[in-house]
2 protein chains.
Amino acid sequence: MEPLERVSYLTALLGAHSRNRFAALLCPLGITPQHFAALRWISLNDGSTQQEVADLMEVRRNLMVGLVDDLEAAGLVIRGRHPADRRAHALHLTASGRRVLAEGDAAADALDDEMLAPLDPCQRAAFHDALRAMAAAAGLSPGVFPENR
Amino acid sequence: MEPLERVSYLTALLGAHSRNRFAALLCPLGITPQHFAALRWISLNDGSTQQEVADLMEVRRNLMVGLVDDLEAAGLVIRGRHPADRRAHALHLTASGRRVLAEGDAAADALDDEMLAPLDPCQRAAFHDALRAMAAAAGLSPGVFPENR
DNA sequence: TATTGTTATACTCTATAACTATA
DNA sequence: TATAGTTATAGAGTATAACAATA
């Protein structure tokens, strides 16, 4: 096997490319992949606390503070009162937050098209199936866009 | 498209997994993927200067200093006299360096097998072909194992 | 006593800029 | 003057530990 042609190497190379391209596509929206992940989790679970979103994203809760600071300053998220726990914030998306989340989703779809462009429809389906099988076998629970781990 | 099932997302996830697994497999050898890449380039071009290897790895030459310091301290590389330029070091692998490089290659092969385990031979070939096509279309010249970029 | 959010601090990795000795 | 190697410094990014308010 040519060392620079290995599946593991090419996967790492293409994965880094995907991460970098996604970050570049989000840049005009004023957010990073981490912000995008936070928006997604808050959208899927409105009213979550910072601790809960941090658990879902698998980051420390102190990192969540700055992340929510950014999103709140950008008007994408609001820290509301938690109905049952006065220590916690209940996080909600604003209308802008929902719009930016949708635009981020569109950017991700565009990136999929861009990356799959050299493959024909049959190859695309096979590649996608293989990815799912390999990710499942590796025990990768899709929690957050991998900045690094 | 389910957001967490996207090709771009799964590729990034699996790519990060590959990078982390490779780093873990190299750990017993006492080197990182960066050290491994340096060993490889020196092996492919014996007598190279630090600047030349830095260019191949697409890192700054000052970062190369610490990398070669590590490899030299581990007895894997020696800084020899450059035949034509007294400013430069001519880098050579030691016998240990060649052995560690071979062991790193074996680790990478093992990682390939591990990652491809859930696929049948036909799927493996198709996945490999797709990876090459996508990497080529993305303009990814395989230079170094992507720590980050 | 445990937990949420926060802040302060430290650590890792890398980028920028200088310095030296040669070319 | 330009370049190879080196060193020093600073900047991200994240981890660790402590703190106040509340449970």
Side-chain angles (χ1 to χ4, degrees), chain A residues 12 16 19-20 22-24 26-27 31-38 41-42 45 47-73 77-92 143-149, chain B residues 12 16 19-20 22-24 26-27 31-38 41-42 45 47-73 77-92 143-149:
Chain A
R19 170 167 56 83
N20 292 336
F22 187 53
L26 287 183
C27 212
I31 62 172
T32 67
Q34 267 189 329
H35 294 120
F36 179 75
W41 286 118
I42 297 168
N45 208 344
S48 293
T49 67
Q50 294 181 190
Q51 177 69 69
E52 287 164 350
V53 177
D55 288 343
L56 289 167
M57 292 179 62
E58 295 179 28
V59 299
R60 312 263 182 275
R61 66 181 187 281
N62 55 350
L63 212 153
M64 207 64 212
V65 176
L67 228 44
V68 176
D69 281 349
D70 297 339
L71 294 171
E72 198 173 36
V77 161
I78 56 174
R79 284 176 161 111
R81 283 188 183 167
H82 193 283
D85 188 339
R86 297 210 299 171
R87 295 171 303 179
H89 300 310
L91 301 176
H92 307 280
V144 60
F145 200 95
E147 281 294 319
N148 57 18
R149 298 202 190 206
Chain B
R19 170 167 56 84
N20 293 337
F22 187 53
L26 287 183
C27 211
I31 61 171
T32 67
Q34 268 190 328
H35 293 122
F36 179 75
W41 286 119
I42 297 168
N45 208 343
S48 293
T49 66
Q50 295 182 188
Q51 177 70 70
E52 286 165 350
V53 178
D55 287 343
L56 289 168
M57 293 179 62
E58 295 179 26
V59 300
R60 310 265 183 275
R61 68 181 186 278
N62 55 350
L63 213 152
M64 207 63 214
V65 176
L67 229 42
V68 176
D69 283 349
D70 297 339
L71 293 172
E72 198 172 36
V77 160
I78 55 174
R79 285 176 161 110
R81 284 190 183 165
H82 193 282
D85 188 340
R86 297 210 299 172
R87 297 171 303 180
H89 299 311
L91 302 176
H92 307 280
V144 60
F145 200 95
E147 280 296 318
N148 57 18
R149 300 202 189 207

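Below, chain A is the first sequence line, B the second, and so on; all start at residue 1.
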Chemist: How close do B:Thr49 and B:Glu52 get, counting heavy atoms only, and between which atoms?
Modeler: N-OE1, 2.9 Å
Chemist: Any side-chain to backbone donor/acceptor pair from B:His89 onto B:Leu91? Under 3.5 Å, distance only.
Modeler: no
Chemist: Expressed in angstrom and rounded to an integer, what is the separation of B:Asp55 atom CG from D:dT3 atom P?
Modeler: 12 Å
Chemist: How far apart are the closest heavy atoms of A:Met64 and A:Gln50, and which atoms are they?
Modeler: CG-O, 3.5 Å
Chemist: Send over the distance from A:Glu58 CD to D:dT14 C1', rounded to a whole Å.
Modeler: 15 Å
Chemist: To the nearest Å, how far apart are B:Leu67 CG and C:dA15 P?
Modeler: 13 Å
Chemist: Think A:Gln34 has a side-chain N or O under 4.0 angstrom from the OP1 or OP2 of D:dT14?
Modeler: yes
Chemist: Identify the two heavy atoms, one from B:Val77 and one from B:Val68, that lie closest to each other, and give their separation to 0.1 Å.
Modeler: CG1-CG1, 4.4 Å
Chemist: What heavy-atom pair brings A:Asp69 and A:Arg79 nearest, and what distance separates the two atoms?
Modeler: OD1-NH1, 2.9 Å
Chemist: Search all heavy atoms of A:Ala37 against all heavy atoms of A:Met57 and return the closest pair with its distance.
Modeler: CB-CE, 3.8 Å
Chemist: Rounded to the Å, how far apart are A:Arg60 CZ and D:dA18 P?
Modeler: 16 Å
Chemist: Rounding to an integer number of Å, can you tell me how far A:Asp70 CG sits from D:dT14 P?
Modeler: 11 Å
Chemist: Quick test: give all pairs of protein nitrogen or oxygen and nucleotides 3-6 of chain C nitrogen or oxygen below 3.5 Å, distance rounded to 0.1 Å.
Modeler:
residue, atom, partner, partner atom, Å
C:dT3, O2, A:Arg87, NH1, 2.3
C:dT4, OP2, A:Gln51, OE1, 3.3
C:dG5, OP1, A:Gln50, N, 3.0
C:dG5, OP1, A:His89, N, 3.3
C:dG5, OP2, A:Gln51, N, 2.6
C:dG5, O3', A:His89, NE2, 3.1
C:dG5, N7, A:Arg61, NE, 2.9
C:dG5, O6, A:Arg61, NH2, 3.2
C:dT6, OP1, A:His89, NE2, 3.3
C:dT6, OP2, A:Gln50, OE1, 3.2
C:dT6, OP2, A:Gln50, NE2, 3.0
C:dT6, OP2, A:Arg79, NH2, 3.0

